[in-house]
Structure formats: C-alpha cells, structure tokens
Protein chains: 2
Amino acid sequence: MTGKSANVTMADVGALAGVTARTVSNVLSNHPSVRPETRDRVLRAVDQLGYRMNTSARGLKTGRTGSITLAIPDLGIDYFNELARRVIVESERHGWSVVIQQTGARRETELDILSGARRQHSDGLIFQPHALGPGDEKHLTGNDRLVILGDRIFNGPVDHVAMANTDAARLATQYLIGRGRTRIAAIGSNPGVSTISAASLRLQGYLQAMQEAGLPTPPERIVVAEEWHLRDGAVAMTHLLRLDERPDAVFCFNDTLAIGALHAAAMNGVRVPDEIAVVGFDNVPAAQYAFPPLTTIEPGTEQIAKMAVDLLAARVNGRTDPPREIFTDSSLVVRRSA
Amino acid sequence: MTGKSANVTMADVGALAGVTARTVSNVLSNHPSVRPETRDRVLRAVDQLGYRMNTSARGLKTGRTGSITLAIPDLGIDYFNELARRVIVESERHGWSVVIQQTGARRETELDILSGARRQHSDGLIFQPHALGPGDEKHLTGNDRLVILGDRIFNGPVDHVAMANTDAARLATQYLIGRGRTRIAAIGSNPGVSTISAASLRLQGYLQAMQEAGLPTPPERIVVAEEWHLRDGAVAMTHLLRLDERPDAVFCFNDTLAIGALHAAAMNGVRVPDEIAVVGFDNVPAAQYAFPPLTTIEPGTEQIAKMAVDLLAARVNGRTDPPREIFTDSSLVVRRSA
DNA sequence: CATCTTTGTTTCATCGATGAAATGCCACGA
DNA sequence: TCGTGGCATTTCATCGATGAAACAAAGATG
C-alpha cells in the first residue's frame, strides 16, 4: 500500500514504526544489529508511507552519489552504444547508476567533462576522449577517480583501458594480404586528431602491414572520414570505386564505416568479396547481419567495459597504487566479406 | 590553475575571496545583485582552488537533483539508442543529466523502476514499459513526474507520448497491398505481452489492412519474435522462406527485425524486393544503409524525445493540468526494399 | 537633512541521512 | 550480588548549499 510520497523522511517512517530515524537508517542499510521484529515494523512503515530514500541527503553525508558518468562521443555509433550497454550492466554489480554524456567528439565539450562543468558530481568518470590528446594532461587535475578508455591519450597518472589498436589493425591488414589482395585501401583516417587517437593508431597498423609486405599505399587509397558514421563509409567507398585503379580490398577503421561501405558497394553492383574485400573493426552486433557478413576485429568490448568499471570501483574504494594501463585481447573474426 | 579539489566548499572559496559562502553561491547562480568586482574575485578563487559544486548538498536543499532517468528495454536495439541519444540532447536544454536504466523488458525490473528501488532519486522519469500493462496502474502511485513512452499502457493519470502504432502499421501494410502483394507476412508478434503493447498494436494495424483488402492471414505467416533483435528477424525470415507457399512481402514490426530479415533473404539468395518485399518500422539510421535500403515507418522519434522531455520539464516546473496524451505524426518512408 | 529605496552582502536556520559515541537493557559468570 | 560485555537503539553533530530575512552602505527624494 503505497501512499503519496511527498516528502516522507526517515523520521516520519520512524514515527510510524515507533523508532528513531537512525534505526530506520539501520534497517535500510542492513545494519546487523536490528531486532527482526523492529525490522519488520520499519519495513511495513516504509511501505505504508511510500518512503524513498533521499539520495541527495545520503550523498551529502557519505560523499558518494551512487552514480558514475560515462562520457563518449555519440550513442549513435554502434560501438559506443554497445559499450554503454555493457558499462551499465557492469555498474549494476557495484550499485551504480550510469549518467551518459555525449561529447560529440568536440574538444570544447570534452574539456567541459574533465572540468566538471558538464558533469554531475559523480563517484567516478569513464571517459573516451577523441579530440583531446597529449599535452592536455593539465586538464586532468582534480580527476582522481577516472578511467580513460580507448586511446592511450594521456601520459599523466591515469588508469587506461585500451585495445591494442595498432596490432589489431595490422592483423586485419595482414589477413587481407594473406588472401592475396594487393591494392588495399583504408577508410577512416583523420589527420586532424592526435597521433595516439584510434584513427591514427589504426592507420599505423595498416601502414606497418603494408610496408612489411612491400605493398604501396598511395594517398588516394587512404580515405579521410572524420565522423565514422554510416554515411561517411558509404561516401568513402563510392570514392574508392571510382578510382582509375580500383582497390581490391578495404580496411575500415570501424564497423559502422564498413557497413556504410558495403552498402555503397552493393548499390554500385560491386560484389563483395569477389571484386573488393571489406574488413571492419569492433565486431558490433550488426556486423554479423550485414551482407555479406562482415569480417572484423573483435576488440574485447565486454572485457573493456568490465575492466573499466572494476578499475573505477577499486579507485573509489581507495586503491592507491600507481595507475595501470590495461590492454584487452583482440582477435580477427573471419566472416564472408573478406 | 586548478589545484587539488579534495573537499573545497563555498566557504573555502569565500575565505580566499574575502566574502561569505552565501556570496559565492550568489555568484555561481548568477544572482543579479553582485558587484562585478566581487564576482571576478570569487570566480578567480573558484578557479584557483578548483572548486566544484557539491550537487548532493544543493540537491538536498533545493529538492532537485539535476538529473532525470530514462528507462528503456535495451540500448542494443537501434530504436532505443537513437531515442536515448535524442533524449540526452533535449535534456541538455533543461540542464539535466540523463541516467539510463535498461529494464531488459523484464516485468520485475520495470516494477523496480516505478517503485524507485532501481532508480536514483531523480527529478523525473521517462519510461518506456514493455512488460507492464493495464492493471498495473497501482504501481504508478508516487510517480508524479513521469512520462510514459511508446504504448498507451496505463489508463491512470500519467502523461503519455505515443506514436500511432496501429495507424502506421496499417499504412505500411496498405502500401504493400497497393504494390500488388497478396501473401503478406508479419514478423514481431508477441502473444505474451499486453494488448496495448507496440507488438499488439502493430499486429492489429496489419490485420486491419489485410482484412479491409480481403486478404488472408494464415497463422504461419504471422511470426512470433519476442526480442526484436537482428537474430530474431533472421530466424523468422528463414522460417518464412521455407514455407510451401512463400510470402511475397513481409512487414516487420521494427527495423532491427527487418535488417535481420534482409540478411536472411540475402543469405538464401532471395532477391528483395523482386521475390519478397520488406517493410520495417522506426526508420533508424541503419535502415537507409541496409541493402536494399529499407522502406519503413518514420515514427517521429525526434519529436517523441522532444515532447517527452518538455512535458517532463513542465511537470517539474509545477504544471498541474490533467495528464496529456500526445500522438506523434508518423509517415511511410519509401526506399527500395518494397 | 531626515527618510525612503536600492544594492550588495551577511546571518541563520534548514534540507535528510549518517558517523561517532552514548545510553539502556539484558544475560552471564564469579 | 555485582561487574562485564554484547546487543539494540538513541542522541547529537555534521555534510555543503540555499531560502528567508536581516543588515549596512550608498543614492534618491522631498
């Protein structure tokens, strides 16, 4: 029987149950020494009044808010919503709610996140920067409970959970080379961002593999795509298909680009993988249901989410050893697009 | 110059600036009567100490937390992450952060959301229920600042923002009929959920259109899919393609199912739309980049997000008129899959 | 020049839950 | 019988920001 829960406090509940607010608190936080009979009485009163804990009050006293912030570029990118999904699930184990902030990959907004301007007072921050990079370490000050995701952007004293971008990109490219492809293009380069961003690291992996195999990488085959949306993949692929010397394979820096690229290929009647092979990166759920199913890099998203949340939890619980840098295992998932 | 922001309070900032905590508060909340010179001094002190407002304390005093909760079944479904993306953007205008809760479409979890057990004390709730339905109105008690999305599930006194599910589904089906299709199947039915859930309403629209046209709807052409994930769409389509009397069109109850279905068609060498036409529902970004591009219902997601947030804001700001029920405009987006 | 406004700042109490410590009660052993 | 210790509950102060109202100083008004 739940009543109007206007402004019911622990004191109100206590009054009804014949105890003090403090005892109500004890009951609700499972303090060991509460008589079972009292516990029942209090819980009944809680129910009757429709009492809900005021998290602001608790937060003020305890210094914990019970929520963490996840800051990512854009929920519209499959990889990020998959990541968000998993971070939320993992956070539940620690009793945390998750506030999601979209930075739009804008430097200004990313700075706001670090400074706290655009962030609720939360117990911690899991942050995948995009526009920030080395040299921005000074903006980290005051963010002790922070885990950086994705790129090893900062040298400062921060925990990092990263995928092995370069190695995985090299692996993907090597696979294409091993299949006999020679004119291998890349989609997703972005000269505007830092040299340790995902875009740059994946490009490096691609270049390494090509160089090791003695294959050429003419500039027109390395297509810039700033946004990594479906649309950008399609545009890039259309461009590649129009080249005089058409590539026989494309390595896309994420699956979203790859799916856009597959679309462009199909629209132009170009057969994949016969005429052009396509490899992606991220292994998002949609990759498996693309046509043809997308060969891609599995970066260990689940592992990333879990590690990030656990690492943050450890920090919040007072772990003070030096910041760690964790690389997840990645692997190539071979499907039919390459 | 940002320093260790351990536990800096307004009082500390005030001490440095030579004013009271109250004046600091005035500065930070843009109170009109503060001398410019004082304002500068305070802001400098804020910067110097790396002060960050304690939102718990503010929340305790003002009764506002500055965040709202968005409860949806699963961020893994394209429609929902698109919705989340937009809700976050709209909420920014009102200065709200958004906490996202995934219910997994589980009744138990949905009840926890309403009761507040699984929800931070937030300024309001935008909730798309799935397993709850008529008869569960009693669980609404105590949730005054609430906007229900999607299905007109409750008769109780709550604001609703809904799409015209039945009408839109009828429209989609009528379009297929108008293109000369007669053996039209449906994917996404779910007998387990309430009669006013999206699944049921869309099925009704489909059935209405078929009946009006005098077309048969044998049970084997109405495929159950409880989850509405890519996988379910693929499985359902595979099933349909194996029928003795193969359908010449499919209406999928969402785009994710439709994209899964397209995949199954392609894997079986069945040409779309020549051999079988496919229509989806939701017009998610991926629909446009499916192959062939997906004909689908545009349900006005942007409008839904905006209305929901604005309606909630109005309630929070004390609007007290009777709850409203808003239906968004939907339309058919014709592409090449049908 | 005394009074009334306006402007800028301060004082004080308060929001609701919890940490620390005190209290009352009962059981138990010597 | 008295002390000792454990259990259950209470008392009290406190976290940090803000609403209400008081206050001081500077201008406006007659």
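Quick note on labels: first sequence line is chain A, next is B, and so on, each numbered from 1. Side-chain atoms are counted along with the backbone in the values below, which use heavy atoms only and exclude waters and symmetry mates.
- The shortest distance between the side-chain N/O atoms of Ser25(A) and the OP1/OP2 oxygens of dT18(C) is below 4.0 Å.
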* To do: Start with the C-alpha distance between His160(A) and Arg324(A), add both sets of side-chain angles, then the distance that settles side chain to side chain contact (heavy atoms under 4.5 Å, CB included), and finish with yes or no.
  => CA-CA 6 Å; His160(A) 278 270; Arg324(A) 280 198 282 165; over 6 Å; no

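- Shown for residues 12-19 of chain A: no residue has heavy atoms falling under 4.0 angstrom of DNA chain C.
- Contact between the side-chain N/O atoms of Ser33(A) and the OP1/OP2 oxygens of dC7(D) is not found at any separation under 4.0 Å.
- A salt bridge does not link Lys306(A) to Glu302(A): none of the charged side-chain nitrogens sits closer than 4.0 Å to a carboxylate oxygen.
- Under the 3.5 Å distance criterion, the side-chain polar atoms of Asp12(B) are matched with a main-chain donor or acceptor of Thr9(B).
- Atom NE2 in His31(B) sits about 10 Å away from atom P in dT7(C), given to the nearest Å.
- Interatomic distance, CD of Glu82(B) versus CD1 of Ile304(B), reported as 11.0 Å (0.5 Å rounding).
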* Asked: Once each nucleotide of nucleotides 20-29 of chain D is scored for protein heavy atoms under 4.0 Å, what B/S/- sequence comes out, 5' to 3'?
  -> B---------

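- Atoms CG and CD, from Leu125(A) and Gln101(A) in turn, are 9.5 Å apart once rounded to the nearest 0.5 Å.
- In this structure, Phe127(B) and Leu149(B) have side chains that are not in contact, with every pair of non-hydrogen atoms separated by 4.5 Å or more.
- When rounded to the nearest whole Å, the span between CG of Asn26(A) and C1' of dT18(C) equals 9 Å.
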For nucleotides 13-16 of chain C, tabulate all protein N/O to nucleotide N/O atom pairs closer than 3.5 Å, reporting atom names and distance.
| unit_1 | atom_1 | unit_2 | atom_2 | d |
| --- | --- | --- | --- | --- |
| dG16(C) | N2 | Ala57(A) | O | 3.4 |

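- Here the CG atom belonging to Asp159(A) is positioned 8.0 Å from the CG atom belonging to Asp321(A), to the nearest 0.5 angstrom.
- For the residue pair Asn26(B) and Arg22(B), a side-chain donor N or O sits within less than 3.5 Å of a side-chain acceptor on the partner.
- Between Thr65(B) and Ser122(B), the side chains place no donor N or O within less than 3.5 Å of an acceptor N or O (distance only, hydrogens not considered).
- Not counting sequence neighbours, the partners of Asp136(B) by the side chain to side chain donor-acceptor pair (under 3.5 Å) test are Arg107(B).
- Fit an axis to the five pairs at each end of the helix from dC1(C)-dG30(D) to dA30(C)-dT1(D) and the two axes sit 50° apart, to the nearest 10 degrees.
- In this structure, Thr103(A) contributes its side chain and Arg106(A) its backbone to no donor-acceptor pair below 3.5 Å.
- Taking the charged nitrogens against the carboxylate oxygens, Arg86(B) and Glu90(B) have no contact shorter than 4.0 Å, which rules out a salt bridge.
- DNA chain D lies under 4.0 Å from no heavy atom of any residue of residues 38-46 of chain B.
- When each of Leu312(B), Asp310(B), Val316(B), Ile68(B) is checked for a side chain to side chain contact (heavy atoms under 4.5 Å, CB included) with His94(B), only Asp310(B) meets the rule.
- Of all non-hydrogen atoms in Val24(B) and Met10(B), the two that sit nearest each other are CG2-O, 3.6 Å.
- Distance check, rounded to the nearest 0.5 Å: CG of Leu16(B) to OH of Tyr51(B) gives 14.0 Å.
- The distance from atom CD of Glu37(A) to atom P of dC7(D) is 19 Å, rounded to the nearest whole Å.
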